[in-house]
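The next block holds one structure in the form of structure tokens; read it before the comments.
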Amino acid sequence: MPDERPPPLNSLRAFDAAGRRLSFRAAADELGVTQGAVAQHVRQLESHLGIPLFERIPKGLAFTSAGRGYHLRIAGIFADLRAATAELKPEPDKVLISVTPTFAAKWLIPNLPGFAEACPGIDLRIMATEKVSSFHSDGIDLAVRQGSPPFGAALSATLLFRQEVIAVAAPNLVGPDRDLSDAGVFGDLAKIHDTHDLWPGYLAQLGVEARSLRGLRLSQTSLAVDAAIAGQGVALVSRFLVSHDLAAGRLVQIGAPWEAGGNDFYLLSKRAGGNKASVAAVLEWLKSRSGDNS
């Protein structure tokens with residue numbers, strides 16, 4: 001005769017896991033116990049109920065008709081328990097920042113080590129896209145954009161980086177005997193272009209005649225930097241985006257920098273009163289890290 005007391009909780013947990021996996025071994029891995037312990041708990045439950053719940057087959061388990069119906073209800077109860085517990089647990093504050101793929105790949109991600117220590121409990125989420133994300137419809141908290149203020153009456157703008165453009169190439173492309181400060185070096189080197197098309201303006205401010213602007217054309221600055229590292233030619237890029245590559249010797253600077261005014265990098269946030277403490281913490285962290293790469 002079946003026992004009328006509620007089944008032991010451990011037996012129900014073992015049955016729930018074994019039923020979802022149809023394997024005592026997989027259930028044991030999930031619960032962090034031995035396969036024998038799971039099998040024993042299930043046997044105890046079957047004894048308690050007075051009916052078999054599984055058929056033991058060579059490849060694992062199969063429900064009996066009674067076991068399948070019982071598992072549907074028990075699995076639902078455990079799912080509700082997990083959901084109720086999750087609602088009570090404090091989730092880390094989420095901060096969503098919108099940046100271009102180049103900014104994400106060449107500056108933000110290389111600077112993320114140490115973020116967890118500086119901003120514990122904050123879940124930083126990165127939306128890397130070429131399109132201009134909306135604070136309202138896309139739900140972003142922060143954005144990095146290139147241009148000149150104002151960016152909108154509802155937004156505050158904090159300068160992160162001046163747009164200082166430099167020409168970079170792989171050391172083995174220019175060779176050890178060239179004077180890298182001499183703009184004439186550009187003459188016979190292939191140019192790598194991206195969508196910003198900075199070469200005509202850059203050479204003009206140096207007073208260098210553009211004998212040929214033929215070369216590799218790519219859709220993103222990050223790809224142009226990677227191509228330069230691979231020795232495919234000379235790329236134009238904001239200095240801060242290649243600070244790690246210059247320090248590591250993967251790239252060298254050729255010629256003088258170009259202060260391309262009016263196209264600086266700004267960190268945008270909602271005006272005072274619209275930001276939570278976690279957003280303010282990330283904003284301060286980004287400002288502090290930009291100071292290391294200015």
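In this pair, F103 and W107 present their aromatic rings tilted. The plane angle is within the 30 to 60° band. Ring geometry, F63 versus F54: the interplanar angle falls under 30°, so the pair is classed parallel (tilted spans 30 to 60°).
In summary, D226 and R250 do not engage in a salt bridge, as defined by a charged side-chain N under 4.0 Å from a carboxylate O.
Other members of the cluster containing L268 are L96, M127, F135, I140, F151, L155, L159, Y266, with ILVMFWY side chains joined at under 4.5 Å, either directly or via other members.
Partners of R43 under the salt bridge (Lys or Arg N to Asp or Glu O under 4.0 Å) rule, at least two apart in sequence or in another chain, do not exist in this structure. For the salt bridge (Lys or Arg N to Asp or Glu O under 4.0 Å) test, no residue two or more places apart in sequence or in another chain qualifies with R68. In this view, Q163 and S238 satisfy the side-chain hydrogen bond (donor to acceptor under 3.5 Å, both in side chains) rule, not counting sequence neighbours. Evaluation of the salt bridge (Lys or Arg N to Asp or Glu O under 4.0 Å) rule for K59 yields no partner, not counting sequence neighbours.
Aromatic ring centres of H41 and F15: separated by at least 6.0 Å.
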All N/O donor-acceptor pairs, side-chain side in residues 18-27, below 3.5 Å, sequence neighbours left out:
from: R20; atom 1: NE; to: D16; atom 2: OD1; distance (Å): 3.3
from: R20; atom 1: NE; to: D16; atom 2: OD2; distance (Å): 3.4
from: R20; atom 1: NH1; to: E30; atom 2: OE1; distance (Å): 3.2
from: R20; atom 1: NH1; to: E30; atom 2: OE2; distance (Å): 3.4
from: R20; atom 1: NH2; to: D16; atom 2: OD2; distance (Å): 3.3
from: R20; atom 1: NH2; to: E30; atom 2: OE2; distance (Å): 2.6
from: R21; atom 1: NE; to: E30; atom 2: OE1; distance (Å): 2.9
from: R21; atom 1: NH2; to: E30; atom 2: OE1; distance (Å): 3.1
from: S23; atom 1: OG; to: R25; atom 2: N; distance (Å): 3.2
from: S23; atom 1: OG; to: A26; atom 2: N; distance (Å): 3.1

Could you walk me through whether I166 and I254 pass the side chain to side chain contact (heavy atoms under 4.5 Å, CB included) test, one step at a time?
CA-CA 7 Å; I166 60 174; I254 305 173; over 6 Å; no
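Without hydrogens or angle criteria, Q146 side chain to D264 main chain gives no donor-acceptor distance under 3.5 Å.
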